[in-house]
Every structure is written in structure tokens, then in C-alpha cells.
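As C-alpha cells, the structure follows; a few thoughts come after it.
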Number of protein chains: 2
Amino acid sequence: MRLSTRGHYGLKAMFYLATRYGAGPIPLKNVAEMQNISEHYLEQLIAILRKAQLVKSVRGAQGGYILARSPEEIRVGEIIRVLEGPIAPVECVSELKTAECDQADFCITRTVWERVRDSIVQVLDSISLADMCRDKEKNQQGKE
Amino acid sequence: MRLSTRGHYGLKAMFYLATRYGAGPIPLKNVAEMQNISEHYLEQLIAILRKAQLVKSVRGAQGGYILARSPEEIRVGEIIRVLEGPIAPVECVSELKTAECDQADFCITRTVWERVRDSIVQVLDSISLADMCRDKEKNQQGKE
DNA sequence: CCAATCCATACTGTTTTAGTCGGGATTAAA
DNA sequence: TTTAATCCCGACTAAAACAGTATGGATTGG
């Protein structure tokens with residue numbers, strides 16, 4: 001019942017970009033350092049995010065990455081779906097392609113997984129990067 | 001974001017045993033046939049469930065498996081934990097061993113995963129095998 | 001021009017998955 | 001007492017996924 005590191009690292013990276021939103025392009029090196037991720041590996045992940053148009057890249061010196069939309073407009077669920085595929089605790093209840101399960105109607109276990117899926121979706125889609133930034137602020141206030 | 005087939009098959013098997021609760025030991029062959037699972041493979045899964053004392057076995061001819069407790073007393077979450085390990089969308093928010101994460105306090109992404117975990121746990125622990133049996137009855141009434 | 005950066009492809013060692021295989025132990029029933 | 005039905009156990013395996021590495025190329029600000 002695990003996410004791979006793709007979703008894990010990917011969200012960390014996107015969150016970091018969100019905290020720096022408005023400060024121009026952030027080089028991946030910084031992201032990798034701050035979040036303790038192999039830079040080369042992260043490059044592959046951010047390529048996926050770029051192709052999904054969640055981030056924009058600026059090439060050349062002083063280049064880097066920027067969120068493609070404001071943190072307010074990017075939900076965690078979207079990031080996870082891009083990196084991990086449709087949310088589905090088991091294949092037969094994937095958000096996409098329904099059925100294909102021989103026993104779709106009878107299968108009671110299926111309804112359990114649907115409930116799990118929906119509860120995950122509900123959480124992930126209710127949190128935006130901006131929400132996370134606000135949480136961070138709150139957290140730091142308490143420490144000072 | 002997937003369960004392995006262990007949890008998937010395991011719940012199917014346990015559910016089937018629940019529907020036959022009170023009818024004496026059910027041979028694994030029947031379970032495997034009904035639920036379309038490789039019998040040998042299922043043997044390995046049920047061994048895990050047996051060691052966790054979720055099912056009892058009766059050896060020899062006319063033997064089989066029986067739920068160790070009544071369907072009312074077995075929650076889906078328990079089955080999943082036995083077969084898949086503690087519920088944790090990412091390692092650092094496992095139900096067991098907290099922390100071990102260098103940045104436990106700062107890490108905002110962490111709180112996202114905690115929320116996901118809690119919502120999964122809430123669903124899985126709120127459903128008993130007996131609940132599933134009731135759902136099945138309801139389902140079948142509609143079909144007759 | 002050159003250093004910083006992004007971009008792309010290919011390779012790799014490890015682990016997990018989803019089984020298969022082969023045989024042994026137990027016991028109800030014939 | 002044999003036999004067939006069952007559970008029990010450990011070893012093996014092919015394929016995929018994971019989590020990176022490695023290498024080199026393209027772009028661009030200073």
C-alpha cells in the first residue's frame with residue numbers, strides 16, 4: 001500500500017517550487033539539495049511534470065523551473081496522478097477504465113476498494129500547494 | 001499507489017470464508033475456484049493469515065479453512081495489515097515506527113501523507129467481513 | 001566563449017511480484 | 001489398511017518495477 005518515491009519526491013519538489021513562487025526560475029540543483037534527492041533522478045521526474053505542463057522550464061544559465069500555474073491552482077492529486085498514474089488501490093477500481101473485471105457486479109470486495117479510492121482522492125484533491133505553503137508558515141510561526 | 005495482489009486476493013478469500021461461516025471447513029480449492037486465484041499461490045497467502053490467527057485450518061480429507069473469529073469481529077484493515085504490512089502511503093508515515101525522517105518537523109509533505117493514511121485507515125477499519133456479507137445479501141435481493 | 005543549466009537516452013543492480021514446482025504430513029472414509 | 005483429499009513447507013523463477021547512474025548534447029546569460 002505504497003506510493004513509489006516518484007510521487008513522494010515529486011510532491012516535495014513541487015512544494016519547494018511553490019514556496020519560491022514568484023522568485024523566478026529555480027535551478028533543479030537547489031530543489032534536489034533542499035529536499036535531499038538525487039539530482040539526476042529528480043531530473044527524470046521533473047521531465048514528467050514538465051510534459052504534463054505542471055512546471056515550465058527556462059533553459060540556459062540562470063535557468064530553472066517555475067510552476068506553470070499559481071500554487072493556489074495546483075492540487076496535490078494532480079501531481080500524484082501525473083507521476084503515479086490514476087489513483088487505484090487495486091487495478092479493477094482505477095479512476096479510469098472501469099469494469100474489465102469479470103465479476104464487476106457481484107464483487108463485494110470491489111466496493112471496499114472503491115471506498116478506499118474515493119477517500120484518498122478526496123484528501124489529495126482537497127489540498128493545493130498554496131494550502132501546504134500556509135501550513136508551513138503556521139508551523140514556522142510556532143517555532144520563533 | 002497500489003495494493004499488491006496479496007491484499008486483493010487475501011480479502012477475497014477471507015470474504016468467501018465469511019460467506020460460508022458456520023458451514024464447517026472450506027477447502028482452499030473451492031476458495032481458489034470461486035475467486036479465480038491460483039490455488040498454490042493462495043496457499044502461501046493463507047499461510048500468512050493462519051500464522052496471524054485470522055483463520056484456522058483443519059487438516060486431512062474433508063479439511064479446509066475456517067475464520068478464526070466471527071465475521072463481525074474481523075475488520076478489513078486487519079487483513080490488509082497482515083498481508084501488506086502497516087498502512088503507509090510513504091515509508092516515513094508508517095503506522096508503526098514514526099520519525100526516522102530527518103526533517104520530521106519541517107516536512108509539510110509529510111502531513112499530506114498522514115492525512116491520506118488516516119483516511120485509508122478510517123475506511124478499512126470501519127468495514128467488517130460481516131458488513132461485506134450484508135452488502136452481498138442486499139445486492140442479491142435486488143437481482144431476484 | 002564558457003559555465004550553468006536543462007534535455008534525452010541508455011544502462012544497471014536490487015527488490016518485489018506473482019507465481020510454479022515438488023514433495024511431505026495428516027486424516028476421513030472406503 | 002489403503003486411498004484420496006486436504007493442508008504444509010521450502011525452493012525456485014521469470015518478469016516487472018524501482019531507484020537510481022552514466023554520458024553526452026542543447027541552450028543561453030554574462
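By convention in this document, chain letters (A, B, ...) are assigned in the order of the sequence lines, proteins followed by strands, and residues within each chain are numbered from 1. Below, each value reflects all heavy atoms present in this structure, side chains not excepted, and no hydrogens, waters or symmetry copies.
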Check whether any side-chain N or O of A/Y9 sits under 4.0 Å from OP1 or OP2 of D/dG20, and answer yes or no.
yes
By side-chain contact (heavy atoms from CB on, under 4.5 Å), B/D118 pairs with (sequence neighbours left out) none
Let me have the donor-acceptor pairs involving side chains of residues 18-32 of chain A, under 3.5 Å, with sequence neighbours excluded, atom names and distances please.
residue	atom	partner	partner atom	Å
A/T19	OG1	A/Y16	O	2.6
A/R20	NH1	A/Y16	OH	2.7

Return all side-chain donor-acceptor pairs below 3.5 angstrom for residues 41-50 of chain B, not counting sequence neighbours, or 'none' if the list is empty.
residue	atom	partner	partner atom	Å
B/Y41	OH	B/T5	OG1	3.3
B/E43	OE1	B/H40	ND1	3.3

Residues at least two apart in sequence or cross-chain that pass side chain to side chain donor-acceptor pair (under 3.5 Å) with B/S4, listed by chain then number, are B/E84
Determine all donor-acceptor pairs shorter than 3.5 Å in which one atom belongs to a side chain in residues 51-66 of chain A; sequence neighbours excluded.
none

Can any side-chain N or O of B/S94 pair as donor or acceptor with the backbone N or O of B/E91 at less than 3.5 Å? no
Exercise answer: donor-acceptor pairs, residues 70-77 of chain B side-chain atoms, under 3.5 Å, sequence neighbours excluded:
residue	atom	partner	partner atom	Å
B/S70	OG	B/E72	N	3.3
B/S70	OG	B/E73	OE1	3.4
B/E72	OE2	B/R134	NH2	3.1
B/E73	OE1	B/S70	N	3.4
B/R75	NH1	B/D125	O	3.1
B/R75	NH1	B/S126	O	3.4

One should read off an interatomic distance between B/R117 CZ and B/Q122 CD, to the nearest 0.5 angstrom, of 13.5 Å
5' to 3', nucleotides 2-17 of chain D under a 4.0 Å protein heavy-atom cut-off (B base, S sugar-phosphate only, - none) gives ---BBBBS--------
Nt span of DNA chain C in reach of chain B heavy atoms at under 4.0 Å, 5' end first, is C/dT17 to C/dA28
